[in-house]
Amino acid sequence: MARLLLLLLGAGVAVIAGIPPHEDVARVARFVAHECDWGALATLSAQEPPMRGLPFANAFSVSDGPAGACGSGVPYMYLTRLEVSVQDLQVNANASLTLSLAQTPYCKKKGYDPQSPLCAHVIFSGIVVEVNGTEADVAKEALFSRHPEMATWPPDHNWFFAKLNITKIWVLDYFGGIKTVTPQDYFKARP
């Protein structure tokens with residue numbers, strides 16, 4: 001089934017009516033990345049024992065571009081070094097980010113449990129890096145358009161824009177097990 005895209009004329013807003021076919025794994029991954037506004041970022045804890053070296057997951061707002069636009073596929077985040085997960089990343093920048101359509105109305109409308117393979121989710125693995133210059137402007141537009149509250153967050157927290165440099169991608173969007181997508185295929189795909 002092809003993904004339907006209905007344009008609300010006059011408002012300039014795109015409404016997603018369906019996801020790409022599960023056989024088109026790279027497009028599904030891009031779709032999920034664009035539709036989700038937050039995800040669970042997992043790091044290896046650099047905190048004091050007994051947590052040091054153990055997995056630690058935390059919720060973060062993300063965006064790959066303004067809603068309704070095509071999206072870049074790049075998961076951008078707005079971070080502060082005061083946050084415990086960011087402290088972990090300063091010691092070891094490797095992380096994984098899980099995004100699930102359970103965060104959107106899609107799965108609830110379909111009656112899919114968040115753990116169901118039909119409630120598509122994507123796990124990205126890579127390195128979190130700070131972005132600067134023109135890319136910071138892109139990240140700011142992507143994040144502040146979806147999370148306008150961010151513009152009012154305390155400036156003394158020294159916020160900065162970051163992205164996950166994706167090295168591996170896993171997709172669960174149907175029965176039969178998890179599938180992998182190369183970053184090259186992911187970034188070539190159009191949701």
Does the pair Tyr78 and Phe161 meet the rule for a side-chain contact (heavy atoms from CB on, under 4.5 Å), with working shown?
-> CA-CA 5 Å; Tyr78 195 41; Phe161 296 100; 3.4 Å; yes
Gap between atom [atom2] of [Y] and atom [atom1] of [X] - 0.5 Å precision:
| X | Y | atom1 | atom2 | result |
| --- | --- | --- | --- | --- |
| Leu101 | Phe31 | CG | CZ | 6.0 Å |
| Ile127 | Lys163 | CD1 | NZ | 11.5 Å |
| Thr182 | Ile169 | OG1 | CD1 | 7.0 Å |
| Ser100 | Gln115 | OG | CD | 10.5 Å |

Taking side chain as C-beta onward, heavy atoms only, is [X] less than 4.5 Å from [Y]?
| X | Y | answer |
| --- | --- | --- |
| Lys179 | Asp173 | yes |
| Leu89 | Leu41 | yes |
| Phe144 | Ser63 | no |
| Ile166 | Pro75 | yes |
| Glu35 | Tyr106 | no |

Any donor-acceptor N or O pair under 3.5 Å, side chains Asp64, His34 | yes
What do the steps show when you test Phe160 against Asn132 for side-chain contact (heavy atoms from CB on, under 4.5 Å), and what is the final call?
-> CA-CA 9 Å; Phe160 64 95; Asn132 296 297; over 6 Å; no
Candidate pair Glu83 and His157, rule side-chain contact (heavy atoms from CB on, under 4.5 Å), full reasoning = CA-CA 9 Å; Glu83 208 286 321; His157 284 42; over 6 Å; no
Pair Lys188 + Asp185: basic N to acidic O under 4.0 Å = yes
Crowding at NZ, Lys140 (>12 non-hydrogen neighbours, <6.0 Å) = no
CD of Glu141: more than 12 outside heavy atoms within 6.0 angstrom?
-> no
Please work out whether the ring planes of Trp159 and Trp153 are parallel, tilted or perpendicular, with thresholds of 30° and 60°.
-> tilted
Give the minimum heavy-atom separation between Leu99 and Gly39, together with the two atoms involved.
-> CD2-CA, 3.5 Å
Step by step, would you call Leu118 with Tyr174 a side-chain contact (heavy atoms from CB on, under 4.5 Å)?
-> CA-CA 5 Å; Leu118 299 175; Tyr174 199 71; 3.6 Å; yes
